[in-house]
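Inspection log for the structure reproduced underneath, given as structure tokens.
Lettering of chains follows the sequences in order, A, B, ..., and the numbering in each one begins at 1. Treat the numbers as computed from the prediction; the structure is a model and nothing was measured.
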Amino acid sequence: MATKLNKRSVVIVGGGLTAALVARQLTAKGTDVLVLERGVDRRKAAEAKIPSQRDELRWDIRGGLGQDWAVETYTVRHSRNEDALPARRLGAFLPGEGLGGAASHWNGFTWRWSEYDPTLRSRFETRYGKSAIPADLLIQDWGVTYAEMEPHHHLFEKLFGISGKAGNINGKIQSGGNPFEAPRRDDYPQPPVEPTEAGLIFKGACEKLGYKPFIAPSGNSSGTYTNPDGMKLGQCQYCGHCERFICEAQAKATPDTLLYPVLFQRKNFEIRLQCRVLGVDYDREAKRVLGVRYVDLITGEEYEQPADVVVLAAFTMSNTRFLLLGGIGAPYNPATGEGVVGKNFCYQTNSAINIFVRDRWINPFLASGSTGVSIDEFNNDNFDHTGLGFLGGGGISANLPNGRPIGSRRVPPGTPSWGTKWKEANAAWYAHSFSLQVQGSSYPHRENYLDLDPVYNDVHGQPLVRITFDWRDNDMKMSEYCTKKMEDIAKSIDATILGPAMPRKSPFDTRPYQSTHVTGGTPMGTDPKTSVVSQHLQHWDAQNLFVVGASVYPHNAGYNPTGVLGALALRLGDDLGSYVERPRML
Amino acid sequence: MSSKDGGTLARRDVLKTLATVASAPLSPNLAGVTAATAAATIVAAQAEPTPAATSTAPVAGYQSLGPDEAAFVEALVNVMCPADQFTPNGVDCGLATFIDRQLASGFGRGEHLYMHGPWRQGKPQLGYQLPLTPEQFFKAGIAAANAACRTRFGKDFDALSAADADAFLQDLAKGQVTDTRVPLAQWFNGLVYPLFTQACFADPIYGGNADKVFWRMIGYPGLPATHARDMVEFRGKPYPGAKDPKSIADFS
């Protein structure tokens, strides 16, 4: 029997990046906020201290910071006529757990997406005609424009002290920046991080081909920095232990470094760690949520936490799961195309090529998480797709985030997997190789979606999320095209050996890490028939329920998702301030 | 293994002999020596305890592996990592110790692994689907691989010549060694091989990569990795610290 607690104003499910940003805006206006987070605070633990921080096996290979698959995983299948099986130890992506969520162990890439991304359907229809978007691609406008998001991007970048070089200030193209960048009001808060040797090689090759390379915007701090809340970042040490690790130098912009310490000082903020939310209580007739139920993971006791407002700010799949478990909104049905919860599930269509350069010292261990040089000529809709047979694109980069020896060694094709020749190749090429990457868009497909698994449960006896996903025709054609562009750049480098350029192909593989950029499931929009939440992230079927996170993205672009996540969360914080004062459909 | 030529006492037999010596403390240096000297060491060990190791040689003794299993793993790591101009043999690099310790750890016991049925096999892209912990799977695989060896060669894996053992491992990786119940290709490629590379390149605190030999081989400098200055100073140049890597123990 659950103990019923006193009602709170705003209860946020999940203590990651979006929760911190929403809480920052709300508590500043005097609203009481309670955050429930399943994990712990690791800021003073082995994860965040030298020498234990530099343990590749523990934090990276064994996934020490990620979601515990023994407690909850996902089932996966490629199409809805197959039985799904549980990913018993998922490799493909890394949901976070603990204070700061996945943003406590991210690499730091912080993009604003293309100016047209939030109005992508309109963009394609205007540029290529009404019939340009195939019927099975559920591309839709987000209901918000870039111009509306710009102030929130601006604040997020200031709070996180992002390092970069502007490419477009108020419409004026800036040399050295990304000419395809959405217009910004000013330059980044800090200058760009130092490029790697690999980045410089790539930059030279791109310039020869007439492209406009730039250093990617980064949450790794290029210098020392104090943000508008008075919180400080140290200078990045280029230690190569960034993604999958907690920065011991406080040089990576994370919620646990920059946002939660401020919230802890505010009397109207409370976070309960090791409290796992089991569900959201929904009054279907009143079209309101009543609060949440959670289990205290230290005592095992269950609690009912009533709330005026509930915000779902958990990882992508978890937001969808809470709605499905609570019966809130109509589940998406791919057979009829009706329903919305679980729809628009997207991933990131990536590919890479290995480059071996005998006479250049790449030194892959001299790296920060988001030290990258990129070009955007082939990203999203930055190029003319007329006659190409696909939509979308990808950023092409030389990102060399680390040289960790278990996971980041490259050997030439044909190298044996063990023995003296294997050692010889490792010794010869470790310091003289790198890779180029395409980070490609992923557009919503009618058959890619989330629902509840009919067979498998988590340790609390609740159904797992079932992922039905595969690489579909549009994204595979995109990958083929962009991978070829990447290969052309690689061929222009004076390389000793080039690895194969492998475009992304079906079937989707759950085993190797690809990207944690899973999006969708609770898409935002202006039409309740095609979206779960409104353009203000308010649930159409429960006025006092809000959803925030990459789960609200109707599609995924050829960019990392965090910049948009930050902007949307700050915007929601402001909207919620207004809602709490006068509850209504926003 | 240097002791695989005909007539020599196999490592496995040494271990079996050792197992019967109830109170004999294991020599810390035993793991890497040849069978002939190992046998001599047993005698010495019975006479008086050997002083604790002061070098970086792997700690002797296994937590998870029994003697037959240890013989398999030692043969395996010595085939995959022969003594050569780059490193000592796999046992001397601590690779068998690393694998043993991992099997005995949370990883081996199924930590972070979703272990609820029903259990069904599916497409390889959906990953591992057996109701076994990594430790149990590892040992089921040893038994099945040894059975396949006996069918093919008339002897266990650890009694094969280095060339036969290497060819057998190649066939395992290619899925050309099969068992009616244990998926041996998945066992080798999904469990054994990753443990092998981890044993080589993980921090020596886990028992492998003795004396940071694999880090030195590739030029990975290890800790503390505070490279803000190096990033500029040694961009595109040989990094001096790569010759003398530092590990967790050096900062503990």
Aromatic plane relationship, B:Tyr193 with A:Trp422 - under 30° parallel, 30 to 60° tilted, over 60° perpendicular = perpendicular
remark   = Given A:Pro195, A:Gly66, A:Ser52, the one with more heavy-atom pairs under 4.5 angstrom with chain B than any other is A:Pro195
query = What are the two closest heavy atoms between A:Cys236 and B:Ala228, and how far apart are they?
reply = O-CB, 3.6 Å
ask   = Hey, are B:Arg235 and A:Glu194 close enough for a salt bridge, meaning a charged N less than 4.0 Å from a carboxylate O?
value = yes
key: A:Ile406 portion near chain B, given a 4.5 angstrom heavy-atom threshold   = both
message = Strictly distance-based, threshold 3.5 Å: is any side-chain N or O of B:Tyr206 a donor or acceptor partner for the main-chain N or O of A:Leu57?
response = no
query = For the side chain of A:Asn363 and the backbone of B:Lys237, is there at least one donor-acceptor N/O pair under 3.5 Å apart?
reply = yes
message = With chain B as the partner, which of A:Asn426, A:Thr73, A:Thr420 has the greatest number of non-hydrogen pairs under 4.5 Å?
response = A:Thr420
ask   = Which heavy atom in A:Ala427 sits nearest to a heavy atom in B:Met217, and how many Å separate them?
value = CB-O, 3.4 Å
request  = For atom NZ of B:Lys212, decide whether the heavy atoms of other residues, nucleotides or ligands shown that lie under 6.0 angstrom number more than 12.
outcome  = yes
request  = Below 4.5 Å from any heavy atom of chain B, which atoms of A:Pro416 appear? Answer side chain, backbone, both or neither.
outcome  = neither
request  = Measure A:Ala367 against the heavy atoms of chain B and call it side chain, backbone, both or neither at under 4.5 Å.
outcome  = backbone
Atom group of A:Arg409 that falls short of 4.5 Å from chain B, counting heavy atoms = side chain
task = Output yes when a side-chain donor or acceptor of A:Lys423 lies under 3.5 Å from a complementary backbone atom of B:Ile218, and no otherwise.
result = no
query = Which region of A:Thr196, side chain (C-beta onward) or backbone (N, CA, C, O), has a non-hydrogen atom less than 4.5 Å from a non-hydrogen atom of chain B, or is it both or neither?
reply = both
key: Proximal component of A:Leu85, with respect to chain B [non-hydrogen, under 4.5 Å]   = both
query = So do A:Arg511 and B:Leu126 actually touch side chain to side chain, heavy atoms under 4.5 Å?
reply = no
ask   = Can you say whether A:Ser417 sits under 4.5 Å from chain B via the side chain, the backbone, both, or neither, judging by heavy atoms?
value = both
message = If you count every heavy atom of other residues, nucleotides or ligands that lies below 6.0 Å from A:Asp494 atom CG, does the total exceed 12?
response = no
query = Relative to each other, are the rings of B:Tyr220 and A:Phe365 parallel, tilted or perpendicular (30° and 60° limits)?
reply = perpendicular
ask   = Which region of A:Ile201, side chain (C-beta onward) or backbone (N, CA, C, O), has a non-hydrogen atom less than 4.5 Å from a non-hydrogen atom of chain B, or is it both or neither?
value = neither
inquiry  = If only side-chain N and O atoms count, and only distance matters, is there a donor-acceptor pair under 3.5 Å linking B:Gln129 with A:Arg88?
reply    = yes
message = Could you check whether any side-chain heavy atom of B:Met231 comes within less than 4.5 Å of a side-chain heavy atom of A:Thr371, counting everything from C-beta outward?
response = yes
key: Side chain / backbone / both / neither for B:Pro224 at chain A, heavy atoms under 4.5 Å   = backbone
request  = Taking all non-hydrogen atoms of both residues into account, name the closest pair between B:Phe86 and A:Glu424 and its distance.
outcome  = CZ-CA, 3.5 Å
message = Shorter than 4.5 Å, heavy atoms on both sides: which option in A:Ala92, A:Cys239, A:Pro405 has the most such pairs with chain B?
response = A:Pro405
inquiry  = For a side chain to side chain contact (heavy atoms under 4.5 Å, CB included) check, start with the C-alpha distance between A:Arg58 and B:Asp203, then their side-chain angles and the critical distance, and finish with the verdict.
reply    = CA-CA 10 Å; A:Arg58 185 175 181 184; B:Asp203 191 283; over 6 Å; no
ask   = Side chain, backbone, both or neither: which part of A:Ala84 has a non-hydrogen atom closer than 4.5 Å to chain B?
value = backbone
task = Look at A:Gln53, A:Arg54, A:Glu72 and state which one has the largest set of heavy-atom pairs under 4.5 Å with chain B.
result = A:Arg54
key: Residue part contacting chain B, namely of A:Leu464, when any heavy atom lies under 4.5 Å   = side chain
